[in-house]
Amino acid sequence: MPLLFFVLEVKRQQGLTIERWDGIDGYLVKDLLADSRFPDMPTIVTYSKQFAQPNNWGTNYGSRIRGYFVPQQTGPHSFSIGIVTNPFL
């Protein structure tokens with residue numbers, strides 16, 4: 001059986017990468033982590049300048065938002081997460 005390789009195009013742009021894996025049953029992070037496509041083969045890859053997913057984005061999916069924070073100045077910075085069920089940071 002031949003091996004198939006998938007190459008995702010990586011864009012260098014300002015903002016965050018949002019990845020979504022469709023067909024994830026359940027709502028626990030472990031359901032996404034157990035999927036054979038995670039983390040290398042998301043169904044959708046998009047980019048955003050906001051740390052948020054689109055509203056009404058679908059059902060039965062798992063997602064990941066990632067990026068780097070580069071502060072404009074030195075000093076303390078606070079981070080928080082708000083989600084309906086089972087966040088994982």
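Values below: all heavy atoms of this structure, side chains included; hydrogens, waters and symmetry mates excluded.
Separation of atoms CD1 (Ile44) and CG (Asp22) is listed at 5.5 Å; rounding is to 0.5 Å. Note that the OH atom of Tyr68 and the CG atom of Leu16 stand 12.0 Å from one another [nearest 0.5 Å]. Between atom CD1 of residue Ile24 and atom CZ of residue Phe38 there is a gap of 9.0 Å, rounded to the nearest 0.5 Å.
Under the side-chain hydrogen bond (donor to acceptor under 3.5 Å, both in side chains) criterion, Asp31 pairs with no residue at all, not counting sequence neighbours. Applying the side-chain hydrogen bond (donor to acceptor under 3.5 Å, both in side chains) test to Asp35 and every residue at least two apart in sequence or in another chain returns Arg37. The side-chain contact (heavy atoms from CB on, under 4.5 Å) search around Pro71 returns Phe69, His77, not counting sequence neighbours.
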Query - Steps toward side chain to side chain contact (heavy atoms under 4.5 Å, CB included) verdict (Asp25, Asn60) - result: CA-CA 5 Å; Asp25 293 326; Asn60 294 350; 3.9 Å; yes
Report task. May I have the step-by-step check of side chain to side chain contact (heavy atoms under 4.5 Å, CB included) for Phe51 and Ile65, ending in yes or no? Result -> CA-CA 7 Å; Phe51 194 83; Ile65 300 174; 3.7 Å; yes
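Within the 3.5 Å criterion, the main-chain N or O of Ile18 finds no donor-acceptor partner in the side chain of Thr46. No side-chain donor-acceptor contact under 3.5 Å links Trp21 to the backbone of Leu32. Formation of a donor-acceptor pair under 3.5 Å by the Arg20 side chain with backbone atoms of Gln53 is not found in this model.
Sequence neighbours left out, the pairs with a member in residues 61-72 that pass salt bridge (Lys or Arg N to Asp or Glu O under 4.0 Å) are Glu19-Arg64, Glu19-Arg66. Contacts classified as salt bridge (Lys or Arg N to Asp or Glu O under 4.0 Å) and involving residues 44-62 (residues at least two apart or in different chains) are not found.
Residue Trp57 comes nearest to Pro54 through the heavy atom pair CB-O, 3.5 Å, listed as atom of the first residue, atom of the second, then distance.
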